[in-house]
Amino acid sequence: MTRTTPLRLLALLAIALPTTACRESGDGQRDDPPTAGEQAAIDRAQGEPTPSDSDLIQPGETRFGAIRQFTFEGENAEAYWSFDGTSLVFQSTPTPGEGCDQIYTLDPATGARQLVSTGLGRTTCAYYYPAGDRILYSSTHHHDPACPTPPDRSRGYVWAIHPTFDIFASDADGSNLVQLTTEDGYDAEATFSPTGHRIVFTSVRDGDLDLYSMLPDGSGVQRLTDRLGYDGGAFYSPDGTKIVWRAHYPESREEREDYLSLLADGLIRPSALEIWVADADGSNPRQLTDNGAANFAPYWHPSGEQIIFSSNMDDPRGREFELYLINVDGTGLERVTFSEGFDGFPVFHPDGRSLVFGSNRNMSHEGNTNLFLVEWMGKG
């Protein structure tokens with residue numbers, strides 16, 4: 001495989017970044033020098049290789065061309081492109097063990113980032129409005145400025161479904177914050193349709209974790225799923241006619257009792273998740289994966305014909321997560337990554353020629369997850 005070179009890095013920048021000026025705002029812009037991690041990102045953007053470049057792509061990762069590492073410190077995940085492909089929004093805890101995830105925008109040209117959430121509470125699942133002028137995200141800050149209590153892991157590996165999460169919208173610089181949901185219980189995992197007409201999100205408002213959609217101002221809420229179990233992490237297809245999401249539907253009595261018991265305590269067990277596709281209104285649901293593993297973070301290829309996702313299906317211990325590609329009819333499963341540890345949250349650039357994802361590769365400390373941009377080789 002051809003490895004990263006300065007010329008190929010510059011070519012990747014040309015692919016990922018249209019020649020338009022970066023958005024700036026008068027509030028919240030940093031005037032301090034970049035951190036060491038940001039300076040490394042700037043060096044990479046200028047085509048300066050570092051000693052670790054040759055280790056960023058593993059044998060077998062034939063879909064990957066030139067690669068850039070965007071972040072180098074803390075815990076970083078769920079980076080999503082603006083619809084015009086000029087900016088990223090993501091969640092991060094910059095200092096391990098301190099504070100909670102907050103929402104940042106990232107300039108792909110330099111790797112520099114800007115805090116756009118309040119800095120209080122816990123935030124998750126940010127996404128751009130189609131026009132690029134506003135951002136969706138969920139937060140707990142309006143209930144308590146402190147971080148919510150971590151989940152009780154005495155019941156195994158569980159995710160917290162904090163009941164204080166609500167969905168907010170702000171301008172792209174973090175100003176003009178507006179609360180979109182006010183129902184009691186968890187409201188989060190919101191993403192926008194490319195058409196600009198609807199937002200899909202996960203809510204517990206009817207007693208179960210289901211998918212809903214709403215208008216951009218939070219009105220006109222419609223329920224999309226009603227099967228017992230967790231439905232979450234939904235994304236609209238590039239033409240806005242379909243959705244893809246992750247789901248766990250407990251079948252046996254023991255599984256249902258476990259699910260409902262955890263849900264009553266604001267928890268879910270994500271050890272078994274499958275990928276599903278349906279029409280945008282929730283009709284005609286179809287299951288794409290059926291392997292009993294933890295399949296999650298599905299995202300559409302811009303062609304609308306394939307979906308990329310993360311899974312631990314090839315690790316009997318369930319610890320190694322890799323990226324996989326699958327056709328929308330469930331055929332053509334292809335493993336994309338072969339890196340030790342975690343690879344997840346893959347998101348195609350709108351032009352389909354590059355991919356941003358989170359990974360433990362080249363980690364600075366145990367469990368360190370960073371964001372990477374990689375040239376995507378071949379169709380789909």
Side-chain angles (χ1 to χ4, degrees), residues 77-81 89-92 100-103 117 121-129 134-141 148 151 158-170 179-194 198-216 218 221-227 229-237 240 242-249 259 262-263 266-270 273-278 280 282 285 294-300 307-310 344-347 358:
E78 295 202 59
Y80 300 107
W81 290 102
V89 64
F90 71 107
Q91 64 191 54
S92 175
C100 282
D101 279 342
Q102 295 295 322
I103 304 301
S117 58
R122 178 179 290 279
T123 64
T124 191
C125 305
Y127 211 74
Y128 276 100
Y129 276 59
R134 288 180 67 74
I135 291 170
L136 287 170
Y137 66 91
S138 294
S139 180
T140 66
H141 74 277
V158 293
W159 286 349
I161 305 297
H162 297 296
T164 51
F165 265 129
D166 276 303
I167 300 169
F168 291 81
S170 75
Q179 185 173 341
L180 298 184
T181 62
T182 57
E183 295 282 336
D184 290 337
Y186 182 82
D187 289 300
E189 305 175 39
T191 63
F192 234 110
S193 169
R198 307 288 296 182
I199 295 167
V200 65
F201 65 103
T202 294
S203 177
V204 74
R205 63 186 59 201
D206 291 314
D208 191 16
L209 285 162
D210 282 301
L211 296 182
Y212 296 78
S213 72
M214 62 183 174
L215 296 173
V221 174
Q222 298 175 357
R223 188 173 181 177
L224 306 184
T225 61
D226 59 7
R227 184 173 173 181
Y230 167 63
D231 296 289
F235 296 92
Y236 286 97
S237 60
K242 294 181 174 60
I243 53 173
V244 64
W245 76 99
R246 63 193 180 207
H248 169 62
Y249 300 130
Y259 171 77
L262 288 171
L263 184 61
L267 303 169
I268 62 169
R269 196 182 310 281
L273 296 167
E274 303 291 354
I275 306 300
W276 286 71
V277 170
N295 308 280
F296 76 107
Y299 202 83
W300 295 88
I307 288 162
I308 193 166
F309 65 100
S310 182
F345 304 113
V347 178

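Quick caveat, the model's predicted, so the values are computed rather than measured. Numbering of residues begins at 1 and proceeds along the displayed sequence.
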ask   = Are Thr191 and Leu136 close enough, and set up right, to give a side-chain contact (heavy atoms from CB on, under 4.5 Å), and what steps lead you there?
value = CA-CA 7 Å; Thr191 63; Leu136 287 170; 5.9 Å; no
With sequence neighbours left out, write down each residue that passes salt bridge (Lys or Arg N to Asp or Glu O under 4.0 Å) with [X], or none if nothing qualifies.
X	value
Glu189	Arg246
Arg269	Asp258
Asp187	Arg205
Arg134	Asp171

Residues in ring pair (Phe, Tyr, Trp, His ring centres under 6.0 Å) contact with [X], at least two apart in sequence or another chain:
X	result
His248	none
Tyr230	none
Tyr128	none
Tyr259	none

inquiry  = Applying side-chain contact (heavy atoms from CB on, under 4.5 Å) to Val277 and Trp300, what does each step give before you reach the verdict?
reply    = CA-CA 11 Å; Val277 170; Trp300 295 88; 4.1 Å; yes
query = Could you go step by step and tell me if Tyr80 and Tyr127 meet the ring pair (Phe, Tyr, Trp, His ring centres under 6.0 Å) rule?
reply = CA-CA 6 Å; Tyr80 300 107; Tyr127 211 74; 5.4 Å; yes
Would a 4.5 Å heavy-atom cut-off, applied to side chains only, mark [X] and [Y] as touching?
X	Y	result
Thr182	Asp166	no
Val221	Phe201	yes
Thr202	Ile161	no
Ser170	Tyr137	yes
Tyr212	Arg223	yes
Leu224	Asp231	no

Please report the interatomic distance [atom1]([X]) to [atom2]([Y]), rounded to the nearest 0.5 Å.
X	Y	atom1	atom2	value
Cys100	His162	SG	NE2	7.5 Å
Arg122	His141	CZ	NE2	15.0 Å
Ile135	Tyr129	CD1	OH	10.5 Å
Tyr186	Phe165	OH	CZ	6.5 Å
Ile275	Ile308	CD1	CD1	11.5 Å

query = Which is it for Ile268 and Leu262 under the side-chain contact (heavy atoms from CB on, under 4.5 Å) test, yes or no, and what are the steps along the way?
reply = CA-CA 6 Å; Ile268 62 169; Leu262 288 171; 5.8 Å; no
task = Walk me through it: do Ile199 and Ile167 pass the test side-chain contact (heavy atoms from CB on, under 4.5 Å)?
result = CA-CA 11 Å; Ile199 295 167; Ile167 300 169; 5.7 Å; no
Excluding sequence neighbours, so at least two apart, what forms side-chain hydrogen bond (donor to acceptor under 3.5 Å, both in side chains) with [X]?
X	value
Ser193	Thr195
Thr140	none
Gln91	Asp101, Thr124

ask   = Can you tell me if Asp208 uses its side chain to pair, donor with acceptor, with the backbone of Gly229 under 3.5 Å?
value =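 Yes, the answer is positive, given that a donor and an acceptor are paired below the 3.5 Å cut-off.
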ask   = Just by distance, do the side chain of Glu274 and the backbone of Ala294 share a donor-acceptor pair under 3.5 Å?
value =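 Checked: no pair found.
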Restricting to non-hydrogen atoms, name the atom on [X] and the atom on [Y] that form the minimum distance, rounded to 0.1 Å.
X	Y	answer
Pro194	Tyr236	CD-CB, 3.7 Å
Ala79	Val347	O-CG2, 3.3 Å
Ala188	Ser138	CA-OG, 3.1 Å
Ala160	Leu267	CA-CD2, 4.0 Å
Pro298	Ile307	CB-CG2, 3.8 Å

task = Could you pull out all residues at least two apart from Ala234 that satisfy side chain to side chain contact (heavy atoms under 4.5 Å, CB included)?
result =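 Only Val200, Leu211, Trp245 meet the side chain to side chain contact (heavy atoms under 4.5 Å, CB included) criterion with Ala234.
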Once the angle between the rings of [X] and [Y] is folded into 0 to 90°, is it parallel (under 30°), tilted (30 to 60°) or perpendicular (over 60°)?
X	Y	value
Phe345	Phe296	perpendicular
Tyr249	Trp276	perpendicular
Tyr299	Phe235	perpendicular

